[in-house]
Colleague: 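Have a look at the structure that comes next, please.
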Amino acid sequence: MKIGYPCVNESLDCSAASTFRLASYSAERVETTVAGNLACLQRILEYNVAHGLRFFRIGSGIVPFGSHPINTFPWQTRFAAEFRAIGDYIRAENMRVSLHPDQFVVLNSPNPDIVQRSIEELIYQGTMLDLMEMDSTAKLQIHVGGLYGDRDAAIARFIATYHTLPEAVRRRLVIENDDRLFSLHDCRRVHEAVGIPVLFDNFHHECLNHGEPMAEALRQAAATWHPTHDGVLMMDYSSQQPGERKGKHTSTLEETLFREFLTHLHGLDVDIMLEIKDKEASACRAIGVLRELQLVAAEAASLS
DNA sequence: TGGCGTCAAGATAGT
DNA sequence: ACTATCTTGACGCCA
């Protein structure tokens, strides 16, 4: 089981998502910014190794305007060595990485231009993983998309678009159950049609489900991952921020809830991304919780 | 230097 | 038809 957090490290004084306005675009600016972002990414990964965090979501903004037509800078060749070095480090340290393109990637949009731009974005993000020479267990996670008033048609459009994706994207693409529109059940329908793995989000599942208990939901999601091609189930973990609207992520890890969640795994191996506001602080505490449990288990074994 | 309006991109619910 | 929200930071103008 690997534990991780997304995109940003708040303990370090660098950013791997440094960018600039479209209006101030220049090739020179791209080059210096990507160099800085990759240097920071390496520092974040080193921090993670030092703290036992072996899962990390790389931010979408490593290459500013990475899928925008304005960006004709050959970053893929200029930074090939840097990407490969980062990939070597990730493999050497037995880490796992993912990316999560944001809300603008909508493969089931009725608007073909939006679909095309979405595919361009997925190609950009997949290319980064390819340059790092990551295998197909490094994933690109997206949501199914919009509903547009007709769930079946929306799912059918996702499936149709999926078939047109380049293999380089398809081998990494996974769908995540969301908290309002497409549930675990809906994602499993898509999986049954095209074989795409379902990344499980426990908090979204609490917000939107069909009565599946947590342990059963985990089992169902895990069954959509091919053990060698996809790796073990990736999941996002969070919990409700008390007193806030339903769906608001907690500001810090609630250790009691996390321990309770772990009881539903029943030995299932998963890699857990903590989608929690205070980032690595909570991830480190999650590591502490797991170590405690392991100590308890080890003690019980030695006594028996 | 600090404050703050704005930023490539979509979809949805509410008014 | 228009706005706020998701979600959040960071750019970059201005005082």
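As a basis for the values below, the full set of heavy atoms in this structure was taken, side chains included, without hydrogen atoms, waters or symmetry mates. Every chain is numbered from 1, with letters handed out A, B, ... down the list of sequences. The structure displayed is predicted, hence computed values, not measured ones.
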Colleague: Determine whether the aromatic ring of A/Phe104 stacks with the base of B/dA9, defined as ring centroids separated by less than 5.5 Å and ring planes inclined by less than 30°.
Modeller: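 Check passed, A/Phe104 stacks on base of B/dA9.
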Colleague: Is there a side-chain contact between A/Ser24 and the phosphate of C/dG12, meaning an N or O under 4.0 Å from OP1 or OP2?
Modeller: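 True: A/Ser24 side-chain N/O within range (under 4.0 Å) of C/dG12 OP1/OP2.
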Colleague: Tell me which nucleotide among C/dT8, B/dT6, B/dT12 gets nearest to the side chain of A/Lys277.
Modeller: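 So the side chain of A/Lys277 is nearest to C/dT8.
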Colleague: With hydrogens left out and only the distance checked, is there a donor-acceptor pair under 3.5 Å joining A/Arg180's side chain and the base of B/dT12?
Modeller: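 Between B/dT12 and A/Arg180, which were checked side chain against base, a qualifying N/O pair under 3.5 Å is absent.
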Colleague: Tell me what A/Phe65 touches on the nucleic acid: a base, only sugar-phosphate, or nothing, going by heavy atoms under 4.0 Å.
Modeller: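 The answer is base, as A/Phe65 lies within the cut-off (heavy atoms under 4.0 Å) of a base atom.
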Colleague: At 4.0 Å (heavy atoms only), tell me whether A/Leu147 reaches a base, stays on the sugar-phosphate, or touches nothing.
Modeller: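 Counting heavy atoms under 4.0 Å across all strands, the contact made by A/Leu147 is with sugar-phosphate only.
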Colleague: Considering non-hydrogen atoms only, spot the tightest contact between A/Phe182 and A/Asn108 and give its length.
Modeller: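 Heavy atoms only, the tightest pair is CZ-ND2, 4.2 Å.
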Colleague: Side-chain donor-acceptor pair under 3.5 Å between A/Ser11 and A/Glu280, yes or no?
Modeller: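 Note: A/Ser11 and A/Glu280 side chains meet the donor-acceptor criterion.
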Colleague: Between C/dC11 and B/dG10, how far apart are the two C1' atoms, rounded to whole Å?
Modeller: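 Pairwise C1' distance, C/dC11 against B/dG10, rounds to 22 Å.
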Colleague: With rounding to whole Å, what would you report as the distance between B/dC4 and C/dT7 at their P atoms?
Modeller: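 Here B/dC4 and C/dT7 have their P atoms 25 Å from each other.
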Colleague: Provide the distance between the two C1' atoms, one in B/dA8 and one in C/dA1, to the nearest whole Å.
Modeller: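 Looking at atom C1' only, B/dA8 and C/dA1 are 23 Å apart.
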Colleague: Reckon A/Ser118 touches a base, only the sugar-phosphate, or nothing at all at heavy-atom distances under 4.0 Å?
Modeller: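 A/Ser118: no heavy atom of the nucleic acid under 4.0 Å.
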Colleague: Could you tell me whether the phosphate oxygens of B/dA9, OP1 or OP2, come under 4.0 Å of any side-chain nitrogen or oxygen in A/Ser67?
Modeller: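 No, no such contact exists.
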Colleague: Does B/dA11 pair with anything, Watson-Crick or G-U wobble, both distances under 3.5 Å, and if so, with which nucleotide?
Modeller: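 Answer to the pairing question: C/dT5, which forms a Watson-Crick or G-U pair with B/dA11.
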Colleague: Using the P atom as the reference point in each nucleotide, state the distance between C/dT3 and B/dT6 in Å, no decimals.
Modeller: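 The answer is 13 Å between these two P atoms.
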Colleague: Can you check whether A/Ser18 has a side-chain N or O nearer than 4.0 Å to OP1 or OP2 of C/dA10?
Modeller: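 Indeed not, no polar side-chain atom of A/Ser18 lies that close.
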Colleague: Kindly point out which of C/dC6, B/dA9, B/dA8 is positioned nearest to the side chain of A/Gln103?
Modeller: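 Closest nucleotide to the A/Gln103 side chain: C/dC6.
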Colleague: Whether A/Arg29 contacts C/dC11 is assessed here as follows: a side-chain N or O lying under 4.0 Å from the phosphate OP1 or OP2. Is that the case?
Modeller: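 False: A/Arg29 side-chain N/O out of range (4.0 Å or more) of C/dC11 OP1/OP2.
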Colleague: Out of B/dA8, C/dC11, B/dA11, which nucleotide sits closest to the side chain of A/Phe20?
Modeller: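 From the listed options, C/dC11 comes nearest.
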Colleague: Assign each of A/Pro64 and A/Gly145 to its nearest nucleotide of DNA chain B by heavy atoms, then name whichever residue's nucleotide is nearer the 5' end.
Modeller: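 Nearest nucleotide further toward 5': that of A/Pro64.
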Colleague: Decide whether A/Asp135 and A/Thr137 meet the rule of one side-chain donor and one side-chain acceptor closer than 3.5 Å.
Modeller: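 Yes, A/Thr137 and A/Asp135 have a side-chain donor paired with an acceptor closer than 3.5 Å.
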Colleague: I'd like to know if the side chain of A/Glu93 pairs up with that of A/Asn48 as donor and acceptor (distance under 3.5 Å, no hydrogens or angles considered).
Modeller: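 A/Asn48 and A/Glu93 do not have a side-chain donor-acceptor pair below 3.5 Å.
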Colleague: Would you classify A/Arg117 as touching base, sugar-phosphate or nothing, given that sugar-phosphate means primed atoms plus P, OP1 and OP2, and contacts are heavy atoms under 4.0 Å?
Modeller: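 Sugar-phosphate contact only.
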Colleague: Looking only at side chains, do A/Asp186 and A/Ser183 share a donor and an acceptor under 3.5 Å apart?
Modeller: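 A pair is found: one side chain offers a donor N or O, the other an acceptor, under 3.5 Å apart.
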